[in-house]
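Take a look at the structure below.
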Number of protein chains: 2
Amino acid sequence: MTELPPVVARMWGREPGTRRGPRPRLDLATITAAAIEIADADGLAGVSMSGVAARVGVAPMALYRYVGSKDELLTVMADGAVPPPPERDGRSWRDYLVAWTRANRDLLLRRPWLLSLPGLDPPMGPRRLRWLDRALDALGDTPLDDGERFNVVTALTGYALTDATLTHRMSSGGRGLDDAGITGAADYGEVLAEVLDPQAYPALTAMMRAGLLRESEGWTEDADFRFGLDLLLDGVEALIARRATNAGA
Amino acid sequence: MTELPPVVARMWGREPGTRRGPRPRLDLATITAAAIEIADADGLAGVSMSGVAARVGVAPMALYRYVGSKDELLTVMADGAVPPPPERDGRSWRDYLVAWTRANRDLLLRRPWLLSLPGLDPPMGPRRLRWLDRALDALGDTPLDDGERFNVVTALTGYALTDATLTHRMSSGGRGLDDAGITGAADYGEVLAEVLDPQAYPALTAMMRAGLLRESEGWTEDADFRFGLDLLLDGVEALIARRATNAGA
DNA sequence: ATCTACTGTGTAGAACGTACAGTATTAGTG
DNA sequence: CACTAATACTGTACGTTCTACACAGTAGAT
């Protein structure tokens with residue numbers, strides 16, 4: 001039996017039982033809740049140990065009774081920020097996965113600081129694993145095997161992440177280079193146009209000339225999102241179809 | 001004409017012309033090269049202004065003549081770390097995009113610190129844009145329109161990123177929770193098994209019982225990678241097929 | 001009642017990013 | 001050529017941030 005790292009235990013609700021010293025005045029949940037509120041208000045940069053400690057009314061060092069380091073706190077936040085996944089409501093696996101992926105992406109847009117966390121994926125906590133479970137369950141209707149289901153969910157997660165990163169950076173202007181006042185796709189296109197050498201970037205310049213990055217008629221962010229997602233799901237359906245005919249042979 | 005932020009100008013090779021003061025002893029390229037060497041050796045955490053300055057033989061504050069802040073340096077590194085994209089070599093769009101995406105993923109595995117950079121995507125520099133250009137060019141053979149091509153590339157990028165994140169965290173054990181000695185998929189599975197409530201996570205526990213996360217016969221990391229990628233590309237082909245018949249109608 | 005494990009505090013230190021003032025260096029100007 | 005002014009880099013200093021460590025108070029165990 002593997003030793004559970006203490007934070008992991010607490011993240012899964014296993015706060016230690018009655019022990020010797022004074023009764024703890026905090027628990028991991030209230031600490032992460034405070035940290036998340038700060039991140040929601042001021043972004044990841046606003047989250048400091050002292051800040052979180054102040055918000056829960058405690059000295060900074062007290063947090064280290066619940067968390068081994070700031071990095072650990074960030075990891076726990078990455079799980080704590082996740083709401084329950086959408087309900088199935090009798091939808092087909094495909095309809096459900098569309099809703100699931102969109103909810104995933106919307107979460108990332110509502111809490112953009114999740115995007116700047118270093119590497120979200122595998123050390124999943126209870127909430128993130130619940131999402132994984134629901135998606136796997138939806139794929140239970142399909143003839144895919146376990147590994148394939150897992151890979152499908154991985155691809156969907158990645159798509160949500162990329163799409164969220166892109167639309168967030170495009171709309172509200174990220175950090176770094178955008179400090180010069182470049183915000184929004186149009187400005188970005190202008191800067192690019194100024195600097196792109198048509199010889200070295202033929203396909204790109206052609207596209208820019210055609211006006212890709214300016215808003216076109218009837219274009220919506222959501223249409224873009226659906227497009228890539230349907231790409232993936234069409235691939236899944238194609239696989240299922242192949243699987244079905246192969247099984248008959 | 002939009003004012004180019006100074007770092008952007010330098011990133012695109014536009015070092016300022018002869019000016020009044022002493023001749024510069026550095027340029028942005030050598031600074032970023034030094035920073036990248038440090039990151040390759042010690043990870044992102046090892047990159048500090050003083051460290052980079054020491055490596056190029058200069059006082060820390062000198063760097064601020066070339067870079068507005070550490071964040072800017074990181075942004076420039078994100079582009080500088082990118083090699084030239086694969087050559088087309090007469091391959092079909094699909095074969096090329098497979099190679100392209102794999103090269104993309106391999107890069108992320110070779111320089112894992114890229115994975116922990118906050119938000120890679122849109123402030124692309126010359127090298128990353130070159131990748132984008134090559135992928136768009138490959139899709140030039142297809143009847144997709146500009147926006148669709150762009151979305152396809154986006155999805156592929158996202159897939160490379162997710163796959164790299166996953167395999168990196170699984171194999172070499174990331175930071176955070178894994179400090180307790182959890183490395184590799186098998187260990188991860190054990191920890192999960194210990195903590196998962198079958199009631200709340202039915203699909204997941206079923207899968208674990210079936211032994212997903214243990215190595216199975218004939219399984220390779222690359223097979224997983226190809227699987228998800230083919231999913232996406234099958235979707236693209238389905239779209240192209242639909243497009244072709246619609247065009248005839 | 002005493003022991004002892006435990007919780008939260010206070011202080012202190014190391015590392016880091018960067019603002020600011022100063023010094024040396026060079027191109028332009030008369 | 002002498003002078004001016006813009007520039008590159010240095011040195012110092014300050015504010016933050018994370019965290020190690022020693023301590024005081026608390027409450028279950030014996």
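Protein chains get the first letters and strands the later ones, always in sequence-line order, with residue 1 at the start of each. Worth saying up front: this structure is predicted, and the values here are computed from it rather than measured.
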* Asked: Can A:Trp12 and B:Asp197 be said to form a side-chain hydrogen bond (donor to acceptor under 3.5 Å, both in side chains), step by step?
  -> CA-CA 10 Å; A:Trp12 285 86; B:Asp197 171 15; over 6 Å; no
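With respect to B:Asp27 and B:Arg10, no salt bridge is recorded, no charged nitrogen being found less than 4.0 Å from a carboxylate O. A salt bridge between B:Asp222 and B:Arg102 is present, with a side-chain N of the basic residue lying under 4.0 Å from a carboxylate O of the acidic one.
Here the closest heavy-atom approach between residue A:Asp133 and residue B:Tyr201 is recorded as OD1-C, 3.0 Å.
The outermost nucleotides of DNA chain D lying under 4.0 Å from heavy atoms of chain A, listed 5' to 3', are D:dC18 to D:dA29.
Residues B:Leu63 and B:Lys70 have side chains not in contact (no heavy-atom distance under 4.5 Å, counting atoms from C-beta outward). By the 4.5 Å heavy-atom criterion applied to side chains, B:Leu161 and A:Thr162 are not counted as neighbours.
How far CG of B:Leu28 is from CE of B:Met11: 8.0 Å, rounded to the nearest 0.5 Å.
Looking at A:Thr167, A:Leu166, A:Asp106, A:Thr101 one by one, the single match for side-chain contact (heavy atoms from CB on, under 4.5 Å) with A:Phe225 turns out to be A:Thr101.
Side-chain N/O atoms of A:Asp40 and A:Trp113 include a donor and acceptor closer than 3.5 Å.
Sorted by residue number, the members of residues 45-54 of chain B with any non-hydrogen atom under 4.0 Å from DNA chain C read B:Ser48, B:Met49.
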* Sequence-aligned protein contact record of nucleotides 3-14 of chain C, with B where the base is within under 4.0 Å of a protein heavy atom and S where only the sugar-phosphate is -> -BBBBBBB----
